[in-house]
Each structure stands twice: as C-alpha cells, then as structure tokens.
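To start, the structure under review is shown below, and the notes come after it.
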Amino acid sequence: MRPNAWPRSGYNEARLPTVQEALQSAQQALQPHSETAPLDAQVLLAHVMHVPRTWVLIHPEAPLSTAQQAALQAAVSQLRAGTPLPYVLGVWAFYGRDFEISPAVLIPRPETELLVETALAWLDAHPRAERLAEAGTGSGCIAVSLAAERPHLHIVAGDISAAALIIARRNAQRHAVRVHFLQADLLAPLAPRTCDLICANLPYIPTATLQQLTVYQKEPTLALDGGPDGLTVIRRLLAQAETRLTREGCLLLEIEATQGESAPRAARKVFPKAQIDVLPDLAGHPRVLRVLV
Ligand SMILES: C[S@@+](CC[C@H](N)C(=O)[O-])C[C@H]1O[C@@H](n2cnc3c(N)ncnc32)[C@H](O)[C@@H]1O
C-alpha cells in the first residue's frame, strides 16, 4: 500500500490508535480486496499484537504501539497486493497444530486432514506397522502430525524442493518430533520393501485447470501442477510404491475431486490384486485413494 493510502477512520494522529480504530482502518483498506475484510482485519491485528483474536474483540479501547501500528500497515499492504493471508501470517493450523509456512510451501488444506485420519486408522488396525514414508512433504504438516500422534513410528519424508525441506525441518523441531527428511524425487532413494505405509499429497491439478485458479502463481506451481491430466506425478509414485511397500502395506494418496475414477484406474494397473477404494471428504468429494496390497 502506498504510504498515504492507509484509510483514516477519524482517529487523532497525535495519539496511538486504539484496537477499535485500527480494526476499522484495516477493514476499510481490505474491503475492496477481500470478501472477509472484517475477519481478515481481526486476524491480522491479533497476529501483530501477539494475542488471540477474541482478545481484540473484547479490548476495543486498548492502544497499539507504534511498532504494532507499522506491522499492521505492512501486513495489510501485503494482503492488498494479493499475498494469501496464511503467507502474511507465516503460520497456519493443520490437524490441531500450528505450522510455519512460507511461499516455498503449499498452504496446508483442511481436506488433507482426511489423509492423516485415514493413516491413523490404518496404523491402529496394524499395530506392528512402524515404517512410514511421505513423498512431497512440503511444510511437513502430514509427517509431523503423524509423528506427533504416533511417536513410535519411523518416518521418512521427502521433497524435491530444498526450500520446502527447510520449513519442514523447522516444523518438526517446533513440535519436537522425530522425522527423517531427505531431498528426493518421490521415493527414489528408499530400498525395496521398506515402507509399511506410504502417504502423499502430490501435485494433482491438471495444468490447464491450474492456470484458471486463483492460487496459480500464488502458491508453488511445483506443489500444484499434476501435468496434463493431473496424474503425472501420482503415476510415478504408484510405480515406485509398488516396489517399496511391504507385504500387506498401505498406500494413501490425496487426489482431486475429479479423479475419483481415473486415480483408482491408474492404481489398478500397478496393483492388479490390491484392494483399492476412494474415500470422500466432508463435502462428499473423492479425496483419498487407498490401496491395500
Ligand atoms: C501438494 S504439495 C503437498 C505439501 C504437503 N504435503 C501438504 O499436504 O500440505 C506437493 C509437494 O510435492 C513436492 N513435489 C513435487 N514433485 C515432487 C517430486 N517429484 N518429488 C518429491 N516431491 C515433489 C512439492 O515440492 C510440494 O511440496
């Protein structure tokens, strides 16, 4: 935002603005750019004041420091310039925990929590399973969540992006969990028959579809672009998983809503004898491809 573009809401510039005044100004500045301007303003203000969002709602009279005022203006400018809110905050919630994020990684999505829940259910039904691999870990949200929920697991999580792995490692430290991270093309470095469970949320959006989406060029294309039919990376992983999974192992892949038939068909070619199904997300859309070998 240009320095003089910060809307004034009538507060006396000789004194520090109150929470209520700062909220009004931020909301006014965000209105043309966001359908959720009031909420965004509250979230940003809570973020720069290091307080819960409810605190700003019940302390309208509290003053902002000069530093907080400057931080709020900078954050509002980023949102106005089109930066997604989670990148402005630098942190986003997934499966009940906060994860550091940056534009080097995909913003964790609530749909992906189904993959974590399905993995935990399978692990509970297979108590002797302990070796888990995740391909395309990004922020590490899947691997770190599983490590936090089941600390006995030996987890290897890879990504082709070195920048993503820096964030993933920090998230493992943040939650004090043990995950072995490695830079890799999918599961290429893993030896045959070493994974009881393989999980992945890989790029699965067809290239032409991606280019029409608002996330295009806002989140890493490497994390989203699944090639002409969205299944290019998934097919490669299926082929690698076939040799890496142990006997009676399980493969769980997040898929796009339109891949409810094409993804299991691709899996069937690689795993002709496996039990293969697709689990729906809360909206009823096909979301997790499950292969039980
Ligand atoms: C859809 S994002 C998922 C990130 C994270 N697991 C999540 O669920 O939020 C896909 C990730 O796969 C990574 N990736 C893309 N191609 C890859 C490849 N060939 N090998 C390993 N990782 C890859 C991207 O860098 C990105 O971090």
Side-chain angles (χ1 to χ4, degrees), residues 84 86-87 90-120 132-149 155-172 174-175 177 179-190 195 197-207 209-210 213 215-228 230-241 244 251-257 259 263 281 287-289:
Y87 290 147
V91 67
W92 204 239
F94 179 81
Y95 209 74
R97 293 179 182 82
D98 279 349
F99 285 84
E100 177 182 337
I101 56 162
S102 82
V105 300
L106 188 88
I107 299 163
R109 301 297 204 274
E111 304 90 274
T112 304
E113 294 183 356
L114 177 63
L115 188 69
V116 173
E117 275 167 13
T118 310
L120 291 173
L132 186 152
E134 190 207 355
T137 195
S139 63
C141 61
I142 296 173
V144 170
S145 299
L146 290 170
E149 297 290 329
I155 303 183
V156 175
D159 205 291
I160 205 158
S161 159
L165 286 168
I166 290 171
I167 303 285
R169 286 194 175 97
R170 285 215 283 260
N171 280 319
R174 181 186 188 114
H175 294 294
V177 297
V179 175
H180 180 69
F181 290 104
L182 77 173
Q183 189 172 14
D185 180 15
L186 303 176
L187 305 176
L190 302 191
C195 307
L197 175 61
I198 295 173
C199 298
N201 173 20
L202 291 169
Y204 55 59
I205 303 178
T207 307
T209 308
L210 176 61
L213 299 182
V215 293
Y216 184 52
Q217 293 187 330
K218 293 197 171 159
E219 297 185 62
T221 299
L222 182 63
L224 297 168
D225 190 346
L231 293 173
T232 302
V233 191
I234 286 180
R235 279 196 199 88
R236 291 183 50 238
L237 182 79
L238 285 166
Q240 290 186 0
R244 268 72 176 185
L251 169 64
L252 299 173
L253 293 181
E254 181 166 320
I255 58 170
E256 204 209 15
Q259 293 163 347
D281 60 22
R287 189 56 63 193
V288 170
L289 173 70

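Both ligands and their constituent atoms are indexed starting at 1 by order of listing.
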Could you give me the CA-CA distance, side-chain angles and deciding distance for I255 and V288, then say whether side-chain contact (heavy atoms from CB on, under 4.5 Å) is met? CA-CA 6 Å; I255 58 170; V288 170; over 6 Å; no

Under the side chain to side chain contact (heavy atoms under 4.5 Å, CB included) rule, collect the residues that match up with P86, sequence neighbours excluded. P84, W92, I101, I107

If the plane angle is over 60° it's perpendicular, under 30° parallel, otherwise tilted; pick one for F99 and H175. tilted

Quiz: residues 140-147 side-chain donor-acceptor pairs under 3.5 angstrom, not counting sequence neighbours:
| residue | atom | partner | partner atom | Å |
| --- | --- | --- | --- | --- |
| S145 | OG | C141 | O | 2.5 |

Just to be sure I understand the cut-off, which residues have at least one non-hydrogen atom under 4.0 angstrom from an atom of ligand 1? L106, T112, E134, G136, T137, G138, C141, I142, D159, I160, S161, A184, D185, L186, N201, L202, P203, L222, A223, R236

Which residues pass the side chain to side chain contact (heavy atoms under 4.5 Å, CB included) test with A200, sequence neighbours left out? A135, L202, L237, L253

Donor-acceptor under 3.5 Å (E100 side chain, N171 main chain): no

